[in-house]
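A short worksheet on the structure shown next.
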Amino acid sequence: MIMEEKDIHIDDEEQKDAPVEGEKEATVPEDTQEENIEKEPKAEPNEERDPLDVALEEIASLKDKYLRQVAEFDNYRKRTLKERAELILNGGEKTIVALLPVIDDMERAMENGQKTEDPQVLREGMELIYHKMMKALEGMGVKKIETEDADFDTDMHEAVAMVPGMGDDKKGKVIDCMTTGYMLNDKVIRHAKVAVGQ
């Protein structure tokens, strides 16, 4: 009888562990178990970095950018200095090329002047050379400052003489031009020297 009680006792223990009929066995799925393990606190890879390291990296980046900018500016400065020097040396090339045909005409006029004594021929030659020269200058943006019957203008004219007794209609007007003035692209490069009515 004692044996039977023990067996029954064991059977009761087994029954406690055994699932009741009609009920599902309460088991935790393996995936859920793994998730629970993963949810345990871990050292995250994206933890906040040391502010000193971040600042040092930013300083290094800014220093690199600064050095590059300095080098680029230095190259730009050297290049512009070189270009400016070339312009100073060769800037008049266009003007000289435009004037060379005029010099050729003057040389021919001097040669022909030795062959003839007719002043009219020499005068005509000089006039042709003068017109050719003025045309070349106009092509470069040079033009005369007009003075005939013009009002005296300090921006354009330089008064070298005052002429009294010319009448009210000539007061403040240009009476005579002693030296022609010139403009280059609307900028006065030489004032016209004039006599002004007083």
Side-chain angles (χ1 to χ4, degrees), residues 58-59 61-198:
E58 193 173 343
I59 288 167
S61 171
L62 290 171
K63 185 177 179 182
D64 181 57
K65 285 179 184 176
Y66 168 74
L67 290 173
R68 287 176 189 275
Q69 290 291 330
V70 167
E72 282 178 23
F73 178 74
D74 194 45
N75 290 338
Y76 166 77
R77 187 179 56 80
K78 287 176 183 174
R79 188 170 61 250
T80 51
L81 283 172
K82 185 180 176 185
E83 287 171 2
R84 190 180 297 165
E86 285 175 5
L87 277 172
I88 290 167
L89 286 173
N90 304 318
E93 181 181 349
K94 186 180 175 184
T95 305
I96 292 165
V97 169
L99 295 179
L100 289 177
V102 178
I103 293 170
D104 293 339
D105 286 350
M106 289 178 79
E107 287 173 351
R108 279 192 286 273
M110 287 188 291
E111 284 176 13
N112 291 333
Q114 293 174 355
K115 295 175 186 174
T116 182
E117 293 181 6
D118 186 356
Q120 185 61 29
V121 173
L122 294 174
R123 190 178 295 113
E124 286 173 4
M126 289 295 290
E127 283 176 5
L128 287 170
I129 292 168
Y130 171 77
H131 290 302
K132 192 169 189 175
M133 178 77 158
M134 291 308 297
K135 192 174 180 181
L137 290 172
E138 283 169 13
M140 290 180 277
V142 177
K143 60 182 179 183
K144 278 185 180 184
I145 294 173
E146 294 299 327
T147 56
E148 193 173 341
D149 294 327
D151 291 328
F152 177 72
D153 182 354
T154 54
D155 292 334
M156 304 275 192
H157 311 125
E158 181 185 339
V160 292
M162 301 299 286
V163 184
M166 296 298 294
D168 290 341
D169 58 328
K170 294 288 184 180
K171 191 173 184 179
K173 294 261 188 189
V174 174
I175 305 300
D176 190 22
C177 180
M178 284 80 162
T179 307
T180 306
Y182 292 94
M183 298 175 73
L184 175 62
N185 300 322
D186 298 325
K187 179 189 174 186
V188 175
I189 55 175
R190 187 173 84 178
H191 289 79
K193 294 184 179 179
V194 295
V196 183
Q198 203 171 20

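All of these numbers come straight from a predicted model, not from anything done at the bench. This chain uses plain numbering: 1 for the first residue, then up along the sequence. Values below: all heavy atoms of this structure, side chains included; hydrogens, waters and symmetry mates excluded.
Heavy-atom minimum distance, D151 versus H157: O-CE1, 3.4 Å. Residues I129 and A109 share a closest heavy-atom pair of CD1-CB, 3.7 Å. Counting all heavy atoms, side chain and backbone alike, T147 lies closest to A192 at CG2-CB, 3.8 Å. Minimum heavy-atom separation, I145 to Y182: CD1-N, 3.8 Å. Considering all non-hydrogen atoms of both residues, K144 and T180 come closest at CG-CG2, 3.8 Å. Looking at every heavy atom in both residues, R77 comes nearest to T80 through O-OG1, 2.9 Å.
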Report the C-alpha distance between D186 and K143 in whole Å, list the side-chain angles of each, state the deciding distance to 0.1 Å, and finish with yes or no for side-chain contact (heavy atoms from CB on, under 4.5 Å). CA-CA 9 Å; D186 298 325; K143 60 182 179 183; 3.5 Å; yes

For R68 and D64: C-alpha separation, side-chain torsions, deciding distance, then whether side-chain contact (heavy atoms from CB on, under 4.5 Å) applies. CA-CA 6 Å; R68 287 176 189 275; D64 181 57; 3.1 Å; yes

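Ion pair D118/R123 not flagged as a salt bridge, since none of the NZ, NE, NH1 or NH2 atoms sits closer than 4.0 Å to an Asp/Glu carboxylate oxygen. Taking the charged nitrogens against the carboxylate oxygens, D74 and K78 do have a contact shorter than 4.0 Å, which makes a salt bridge.
To the nearest 0.5 Å, atoms CG (D149) and CD1 (I175) are separated by 9.0 Å. Rounded to the nearest 0.5 Å, atoms CZ (F152) and CD (E158) are 8.5 Å apart. To the nearest 0.5 Å, the span separating CZ on R108 from CD1 on I103 amounts to 12.0 Å. Interatomic distance, CG of N112 versus CG of L122, reported as 9.0 Å (0.5 Å rounding). Distance check: E93 CD to E86 CD gives 11.5 Å after rounding to the nearest 0.5 Å. Atom-to-atom distance recorded for K82:NZ and L87:CG is 12.5 Å, nearest 0.5 angstrom.
Other residues, nucleotides and ligands place no more than 12 heavy atoms under 6.0 Å from the CE atom of M106. Other residues, nucleotides and ligands place more than 12 heavy atoms under 6.0 Å from the CD atom of Q120. Shown here is M140, whose CE atom has more than 12 heavy atoms of other residues, nucleotides or ligands within 6.0 Å.
When side chains are defined from C-beta on, K132 does not count as touching L128, because their heavy atoms never get closer than 4.5 Å. Put simply, the side chain of T179 reaches to within 4.5 Å of the side chain of R190, judged on heavy atoms.
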